[in-house]
Amino acid sequence: MKRVYRDINKALSDEVLQQNLDTFYHNYRESHRKAYEGLNFNDLRKEVGVIKSLKPEDRFALFEEFKNNVEKAGAFVFEAKDSKEACEYIVSVCKRHNAEYVVKSKSMTAEEIKLNPYLERNGIKPIETDLGEWIIQLAKETPSHMIMPAIHKNRKQVAKLFREHLNVDVDEDDIEGMVKIARHYLREYYFKAKVGISGANVAVVETGTIGIVTNEGNGRLVTTIPPVHIVVLGYEKLVKTFEDALKILRVLPKNATGQIISVYVTWIKGAVESLNSSSGKKELHFVFVDNGRKALMDNPYFNEALKCIRCGSCANVCPVYGVLGGHVFGHIYTGPIGAILTSFYHDDKKAMELLSLCCGCKACSEICPANIDIQKLISDIYGGLRFKYGVDKLRSSVYSGVLSKPSAMKRIAKVGSLILKTVEKNSHLNSCLMPKKHDFRVLPVPKEESFSSLFRKKFEALQTTVKSEKTVFFYPGCAIEYVYPEIGESVVKFLNKIGLRVKIPEKMVCCGYPAVHDGDKISAKRIINESVKYLPVEESFDYFLVLCPTCGTTLKYLFREFVSDTPREYKKVKFVEEKIVNLSRLLDDLNVKVKTKNGILFTYHIPCHQNRGLHFNGEKFLKSLLPNYYMPMRDADRCCGFGGSFSIDYPQVSKAILDKKIENIVDTNASVVVTECPGCIMQIRGGLLKRNIPVEVKHLSEFLDEYVEVE
Amino acid sequence: MNDIDRFLKMSEYVGNRNVVLARDEFERFLEENVGSYDFVHLKCLDRFNKVCEIQKEGIKSAIVEADFAIAETGTVVIESKGENLRRATSLCDNLSVVVDASRIVPNLEGIADFLRETTQDSENYVSFITGASRTADIEMSLTLGVHGPEEMTVYVLK
C-alpha cells in the first residue's frame with residue numbers, strides 16, 4: 001500500500017486525534033464568529049491583503065530600510081540564502097557564546113530551516129518554551145498545527161511524556177498540574193540559556209521594530225533573560241508602518257484562536273538593556289531566510305502566498321485537515337497553506353501529495369485573513385506540478401477527448417448506463433467490481449436518455465405558452481444532463497408553474513471544472529471554449545440558472561481566464577457572469593411564496609461552491625419560506641466530502657468527512673435533506689442508502705415540485 | 001459605550017479583576033497595601049516605588065503603571081526598556097497594572113504614534129499585556145500562569 005494511504009488510515013483510526021480535531025473544529029468556528037462580532041471581516045481582510053501585497057522592488061527597499069534602522073540600534077543583520085546558511089550562522093553565534101542551551105519561542109521559520117536538529121548535531125541543546133512545541137519536542141515529533149503544535153495529543157499522552165522524560169510523578173487527569181510542571185521545569189532554562197531564539201510576526205520598517213505575539217509569555221522571557229537574541233524571519237514579515245502592523249494584529253489572533261488579541265504582544269527595537277550580558281546590552285541578530293522567497297516574489301502569482309500571516313485558520317476550517325490532522329495533511333507547514341508552502345520550500349513529491357488532498361471546498365479561501373485565494377493557488381500549483389511530472393495521462397485524455405465533445409459524452413453515458421444497470425441488478429457483481437474502500441456510498445446509474453433530449457420531447461413546445469416576460473436560461477451541467485435528468489425536469493416544471501419560460505443550451509457541454517480542479521489547463525481551455533459556443537447571447541434571457549453550484553462558480557469566475565485571448569467570447573462570458581443564479585437565489589429575488597403540501601420536516605445542506613463560490617446561502621431563504629418545517633443542521637456549510645475526483649482518489653477521507661455530515665443530518669430529525677448540488681446529492685444520498693438511513697435527499701427543485709404548493 | 005467602559009468590558013473578558021478608583025482613593029489604597037508588593041514601579045506616585053532583584057524563583061506580586069491602555073482589546077501598554085521592569089511583569093505571580101483613564105485610546109491604531117515615538121531614535125521594548133499568561137496546548141483546555149502571572153488586576157484611575 002502507498003505510504004500516504006497507510007498514514008491516512010492511521011490518522012482516521014486514531015481516536016484521540018479524531019476527538020481533538022472535532023472539538024477544535026466546533027470551538028474554533030464559534031469563537032471566530034464571536035471574535036469578529038461588530039466588525040466587518042471581509043473589509044479587514046481585504047485591507048490586510050493590500051498591506052501584505054508588496055511589489056518585490058518595494059520589499060527589497062523596505063528590507064534595506066529595516067536593516068539600516070536596526071543596525072543603527074546596535075543589531076546585526078544576516079541574509080541567509082538557504083536553510084544551511086541560516087543554521088550555520090545561528091550555530092556560529094551560539095558557539096561564540098559557549099551556549100550549551102538555547103531557549104526558543106515558537107517560530108515556523110525555524111521549523112522550516114530545521115534548526116533544532118542542526119543545533120543538536122552541533123552539541124547545542126535547543127529548549128522549546130511554548131508548551132505545545134515543548135510537548136512535541138519531548139515526543140520527537142513535528143507540529144501538527146501551526147498555532148497548536150500538539151493538538152493531536154491528549155492529557156494522558158502528555159502525562160506519559162512528562163513521566164518518561166522528566167522523571168516526575170504526574171496525575172494524568174490534572175492538566176493544571178502538568179502546566180505547573182512545565183512552568184517549573186522551563187523556568188530554569190531561561191536562566192541557563194545563553195541565547196534566546198524567536199521568530200517575528202511583523203517587522204515594522206519605519207523604525208526597525210519587530211512584533212512578537214504569544215499567549216504564554218514565553219516570548220517575553222526568551223527575548224529578555226538570555227544575553228543574546230536571534231530573530232529568524234522571512235522577508236514577507238516586513239510591513240511599512242505600525243498602523244499596518246496593528247491591522248495585521250487585529251486579525252491574527254482572532255483568526256488563529258478566536259481571541260480578540262493575544263495576551264502578549266512584544267515590540268522590540270534594537271539592542272536593549274541586558275542584565276546577563278557583560279556589556280550590559282543585548283546582542284541582537286536578525287537572520288533573514290531567503291530559501292527561494294526572493295525568486296518567488298518576482299512572480300505575482302506566487303507572491304500571493306507570501307501574504308500569509310501564519311494564523312493557521314485555513315487548517316481550522318478545512319474538512320480534510322479536520323479528519324487527518326497536520327501530520328498527514330502537512331509537511332512542516334500544515335494544512336492548506338502548508339501544501340503551498342511545501343511546494344515553495346520543500347520537495348515537489350511531498351507537495352504534490354499534499355496538494356492532491358485538497359477537496360476544493362474553498363473554506364480556506366473564505367477564512368484567510370490575508371485574503372489569499374488558497375484553494376485556487378492549490379489547484380493551480382497542483383496543475384503545474386502534474387504537468388511537469390506528466391502524471392495521469394489517462395485522466396487528461398478523458399478531459400480532452402470526452403468532456404469537450406457532447407456526442408462522445410452521450411455515447412459513453414449510454415454504454416455506462418447499460419453496464420451499470422446490469423451490475424445493479426446483480427449485487428454479487430457489484431461487490432466484485434467496487435473495491436471495498438470505495439464501497440461507502442451507493443452510486444447512481446447514468447440514465448439512458450439525457451435531460452436535453454427529454455426537454456426537447458416533453459417541455460420545449462410548452463415554453464411558448466408560458467405567459468411571461470422573463471426567460472430563464474437553464475444550464476444543466478453534466479450531472480443533471482446524464483445522471484439526474486429528473487432534477488432538470490422538476491426545475492422546468494416548477495419554473496413554468498411560477499410563470500417563467502425556460503431555455504436550455506443547444507448542446508450541453510461540460511463546464512470544465514474536473515479539468516480545472518485537476519490543474520489540467522490545456523484540457524480545461526479546450527472544454528471551456530467549446531462550452532462558450534453554446535452560451536446564450538445577451539438579449540435572449542433574464543436569468544442564467546445553474547442547479548450545480550460548481551458549474552456556476554466555474555462559469556462565473558473561471559471561464560473568463562480561459563477565453564481572455566478572444567474578445568468576442570470574453571464579452572459573452574462577462575455578460576453571462578452577471579446573470580448567473582442558483583435556484584434559491586432566483587426564488588428569493590422573485591419573492592416566491594409557497595406552502596407545504598404534506599407538512600414534511602426538512603433540513604438544508606449548503607453546498608460548498610454555492611456558499612463560498614456563488615456567495616448565496618439558501619439557508620435563510622428556506623427558513624423564511626417554510627419556517628415551521630425547517631430543521632437547522634449543525635455545520636450545514638461543512639463539506640460533504642464529495643469533491644469530484646477527490647472522493648475517487650481518497651475514498652477513506654471522503655467517507656470520514658461524509659460520516660460527520662450524516663451524523664449532523666440524523667441529529668436534525670428531518671425526513672428530507674434539501675440541497676442544491678448534484679455532487680452533494682450523489683454523496684449524501686449514496687451514504688444514507690449504504691447505511692440504510694431512511695432520510696431522503698432532494699435537490700431544491702425536486703423538493704419544490706413534490707412537496708410544496710405555490711401560494 | 002465610552003472608551004473606559006469598553007476597556008473595562010474587554011479587560012474583564014480576559015479574566016482580569018478591574019478596579020476603578022479616584023486618584024486619592026488609590027493613593028490611600030497604596031499607603032495601606034504597598035507592603036504587600038515586592039516590586040512597585042509607578043510614574044504617577046513614584047514615592048512608593050520599590051525595586052528588588054528578580055531571578056528564576058520569580059516574585060509574588062508587582063504593581064506597575066501602564067503608559068496607555070487600548071479600549072478595543074482591553075490591553076495595557078507598558079514601555080519596558082529596563083530589564084527589571086520586564087522581569088517583574090513576566091516573573092510575578094500576581095500582576096497589578098495602574099492606568100490613568102485619560103490614557104485609554106479607543107483602538108489599536110490609536111497606539112501607533114506611541115510605538116513610533118518610543119522606538120524612533122533609540123532601542124526600546126514595549127509590551128502589550130492583555131490578561132494573565134495562558135495556554136490551551138493540552139486538549140485546548142484554558143490554563144492560566146503557564147510562564148508568567150497567574151492573575152492580573154487593573155486599576156483604572158479617574
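Proteins get letters first, then strands, A, B, ... in listed order; numbering begins at 1 in each. Note that the structure is a prediction, hence the values are computed from the model and not measured.
- Using a 4.5 Å cut-off between heavy atoms, A:K282 makes no contact with chain B at all.
- Under the side-chain contact (heavy atoms from CB on, under 4.5 Å) test applied with B:Y125, the options A:R220, A:K269, A:E273 reduce to a single match, A:R220.
- If you check the side chains of A:T224 and B:R87, you find no donor sitting under 3.5 Å from an acceptor.
- Taking both residues in full, the closest heavy atoms of B:V146 and A:R183 are given as O-CB, 3.0 Å, listed atom of the first, atom of the second, then distance.
- Residues A:L221 and B:S90 come closest through the heavy atom pair CD2-CB, 3.8 Å.
- In this structure, chain A has no heavy atom under 4.5 Å from any part of B:T118.
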List the atom pairs, donor and acceptor, that lie under 3.5 Å between side-chain atoms in residues 147-158 of chain B and the rest of the protein, sequence neighbours left out.
{"unit_1": "B:H147", "atom_1": "ND1", "unit_2": "A:Y190", "atom_2": "OH", "d": "2.9"}
{"unit_1": "B:H147", "atom_1": "NE2", "unit_2": "A:T129", "atom_2": "O", "d": "2.8"}
{"unit_1": "B:H147", "atom_1": "NE2", "unit_2": "A:E216", "atom_2": "OE1", "d": "3.2"}

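- Using a 4.5 Å cut-off between heavy atoms, A:A271 touches chain B through its backbone atoms (N, CA, C, O) alone.
- Interface check for chain B: of the options A:L249, A:T223, A:T241, the most heavy-atom pairs under 4.5 Å are formed by A:T223.
- Heavy atoms of A:F191 lying under 4.5 Å from chain B belong exclusively to its side chain.
- Note on A:E176, A:M148, A:H152, A:E188: by heavy-atom pairs under 4.5 Å with chain B, the leading option is A:E188.
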Report all side-chain donor-acceptor pairs from residues 208-215 of chain A shorter than 3.5 Å, counting only partners two or more places apart or in another chain.
{"unit_1": "A:T209", "atom_1": "OG1", "unit_2": "A:T207", "atom_2": "OG1", "d": "2.6"}
{"unit_1": "A:T209", "atom_1": "OG1", "unit_2": "B:T119", "atom_2": "OG1", "d": "3.4"}
{"unit_1": "A:T214", "atom_1": "OG1", "unit_2": "A:G217", "atom_2": "N", "d": "3.3"}
{"unit_1": "A:N215", "atom_1": "OD1", "unit_2": "A:Q259", "atom_2": "NE2", "d": "3.0"}
{"unit_1": "A:N215", "atom_1": "OD1", "unit_2": "A:V263", "atom_2": "N", "d": "2.9"}
{"unit_1": "A:N215", "atom_1": "ND2", "unit_2": "A:Q259", "atom_2": "OE1", "d": "2.8"}

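- Of all residues in residues 9-45 of chain B, those placing a non-hydrogen atom less than 4.5 angstrom from a non-hydrogen atom of chain A are B:M10, B:Y13.
- Annotation: residues 132-145 of chain B contacts chain A through B:A132, B:S133, B:R134, B:T135, B:D137, B:I138, B:E139, B:M140, B:S141, B:T143, B:G145 [non-hydrogen atoms, separation under 4.5 Å].
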